Amino acid sequence: MSTTDKQPGDASLFFRYASMFACPICTTPMQLVQGKSLVCARRHCFDMAKTGYISLLVRSPKSKYDKSLFKARNAVNAAGVFDPLLDRISEGMQERIVSQTGSIKMLDAGCGEGSHLSRILNRLAGQAPAIDWLGVGVDLSKEGIRLAVRENVQAIWCAADLARCPFADKQFDFVLSICSPSNYAEFGRMLADEGTVIKAVPASGYLRELRELLYRETARQDYSNERVVERFGRYFDLIDTERVTYKAAMDPLLLEQIVQMTPLAWGAPQELVREATAERFAEITFDFDIMYGKQPRRDQ
Ligand SMILES: C[S@@+](CC[C@H](N)C(=O)[O-])C[C@H]1O[C@@H](n2cnc3c(N)ncnc32)[C@H](O)[C@@H]1O
Ligand SMILES: [Zn+2]
């Protein structure tokens, strides 16, 4: 089946890739039944939503991320604000694939409203059209996943908990984690032997201008990701790191959306959040570290 055969909102991708799934309750293999349910060997059953995603959540999650935050992230991404980061991640993936044909599967773990994965898939499909790229996005939030289906119908979107990822072992050539929490034990389990984990985290300059205003004279004004980098290295062989730093031009609407999309504003006094939104920043700094990891080499 070629990329163009992938149908919006129907079960064709789930049908084709049903063997990739494992039950989030008992880990046994799953099958697509009647074109609409994934059912495991022990008959745990998860139905597809009519809108074209599947929830493999075992319990209702509590989330601080609501629809307005996801819509703001979506609008900020649509304005191209994350493009330099997504360009680098896509190039980093291209540099790490061994063949320009065949099929490559990537999981975006904590994909939110899906626009990062969608934009990465578009880049890769343009740069290496002979490869059959499969994108799978997983997030705890159904609100996020519903928006993701609208963003890109040619990917598989699942509501699921990273602590109980509903996939069999060694399924993915790439596991991406972009500004999201990680479950490295699960990432390692799902990553193919030669696969790569790519984790992007905010670096010290990320949203510097907003941070200075929202957290004047508090410890949160400074941000260090040292512990995140150290923890990544405990699970994977860190083969590369790179820094992506740039400034994005602002207008008042974009600035408002950036304040809305970021958990940065959650702990700050409302008065300062309003002040930040009204501030006429000409540009805002974006600063990320990208870590590339491989399965740890086991000593013979
Ligand atoms: C800061 S947002 C980043 C979303 C997206 N990667 C982006 O950069 O726009 C963090 C995301 O992680 C998701 N998340 C948090 N805990 C999770 C878990 N245990 N399993 C799956 N997703 C989770 C949240 O729902 C949220 O969408
Ligand atoms: Zn089961």
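Indexing begins at 1, ligand by ligand and atom by atom, following the structure's order. For this chain, numbers begin at 1 and follow the sequence in order. Just so you know, these numbers come straight off a predicted model, no measurement behind them.
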- Item | Close-contact set for ligand 1 against Pro181 heavy atoms, below 4.0 Å | 12 (O), 15 (C), 16 (N)
- Note on the structure: Among non-hydrogen protein atoms, atom 21 (C) of ligand 1 lies closest to Leu140 N, 3.2 Å
- Query: Counting both backbone and side chain atoms, is some N or O of Ile178 under 3.5 Å from an N or O of ligand 1?
  - Reply: yes
- Task: Give the residue and atom name of whichever protein heavy atom lies nearest to atom 9 (O) of ligand 1, and the separation in Å to one decimal.
- Result: Arg73 NE, 2.6 Å
- Message: Between Val58 and Leu140, is there shared hydrophobic-cluster membership here, with clusters defined by ILVMFWY side-chain heavy atoms closer than 4.5 Å?
- Response: no
- Note on the structure: Residues pairing under salt bridge (charged side-chain N to carboxylate O under 4.0 Å, His left out) where one sits in residues 147-173, two or more places apart or in two chains, turn out to be Asp169-Arg189, Lys170-Asp193
- Report yes or no: does Ser37 contribute a side-chain atom to a donor-acceptor pair with the main-chain N or O of Val39 at less than 3.5 Å? no
- Message: Is the positively charged end of Arg119 above the ring of Phe82, judged by distance under 6.0 angstrom from the centroid and angle within 45° of the axis?
- Response: no
- Query: Can you list the atoms of ligand 1 that are under 4.0 Å from a heavy atom of Ala160?
  - Reply: 20 (N), 21 (C)
- Query: How far apart are the closest heavy atoms of Leu57 and Phe46, and which atoms are they?
  - Reply: O-CE2, 4.0 Å
- Message: Whether Glu209 and Lys247 form a salt bridge (side-chain N of Lys/Arg under 4.0 Å from carboxylate O of Asp/Glu) is what I want to check.
- Response: yes
- Out of Leu85, Leu176, Asp161, Asp139, whose heavy atom sits nearest atom 25 (O) of ligand 1? Asp139
- Task: Identify whether the distance between the nearest side-chain nitrogen and carboxylate oxygen of Arg123 and Asp83 falls below 4.0 Å.
- Result: yes
- Query: With the threshold set at 4.0 Å, does a side-chain nitrogen-carboxylate oxygen contact exist between Arg146 and Asp139?
  - Reply: no
- Note on the structure: For Ser180, the atoms of ligand 1 under 4.0 Å from one of its heavy atoms are 3 (C), 4 (C), 6 (N), 10 (C), 11 (C), 12 (O)
- Numbered atoms and elements of ligand 1 in range of His116, under 4.0 angstrom, heavy atoms: 7 (C), 8 (O), 9 (O)
- So is Phe70 in contact with ligand 1, going by heavy-atom distances below 4.0 Å? yes
- Message: Between ligand 1 and Gly144, can you find any atom pair, the residue atom being a heavy atom, that is separated by under 4.0 Å?
- Response: no
- Message: Looking at ligand 1, would Ala163 count as a contact under a 4.0 Å heavy-atom criterion?
- Response: no
- Is Leu85 linked to Met93 within one hydrophobic cluster, defined over Ile, Leu, Val, Met, Phe, Trp and Tyr using a side-chain heavy-atom separation of less than 4.5 Å? yes
- Which atoms of the protein, restricted to N, O or S, are nearer than 2.8 Å to the Zn ion (ligand 2)? Cys23 SG, Cys26 SG, Cys40 SG, His44 ND1
- Using the benzene-type ring in the case of Trp, are the ring centres of Phe187 and Tyr235 under 6.0 Å apart? no
- Message: Can you report which non-hydrogen protein atom sits closest to atom 1 (C) of ligand 1, along with the distance?
- Response: Cys179 O, 3.3 Å
- Item | Shortest protein contact, atom 20 (N) of ligand 1 (heavy atom only) | Leu162 N, 2.9 Å
- Message: I need the nearest protein heavy-atom contact for atom 5 (C) of ligand 1: residue, atom name and distance, please.
- Response: Gly110 O, 3.5 Å
- Taking atom 2 (S) of ligand 1 as the reference point, the nearest protein heavy atom with its distance: Tyr65 CE2, 3.5 Å
- So, are Arg88 and Glu242 salt-bridged, with charged N and O less than 4.0 Å apart? yes
- Message: Are there over 12 heavy-atom neighbours, none belonging to Glu283, within less than 6.0 Å of that residue's CD?
- Response: yes
- Part of Ala109 within contact of ligand 1 (heavy atoms, under 4.0 Å): neither
- Message: Between Thr27 (side chain only) and Cys23 (backbone N and O only), is there a donor and an acceptor less than 3.5 Å apart?
- Response: no
- Take the angle between the ring planes of Phe288 and Tyr206 and call it parallel below 30°, perpendicular above 60°, tilted in between. tilted
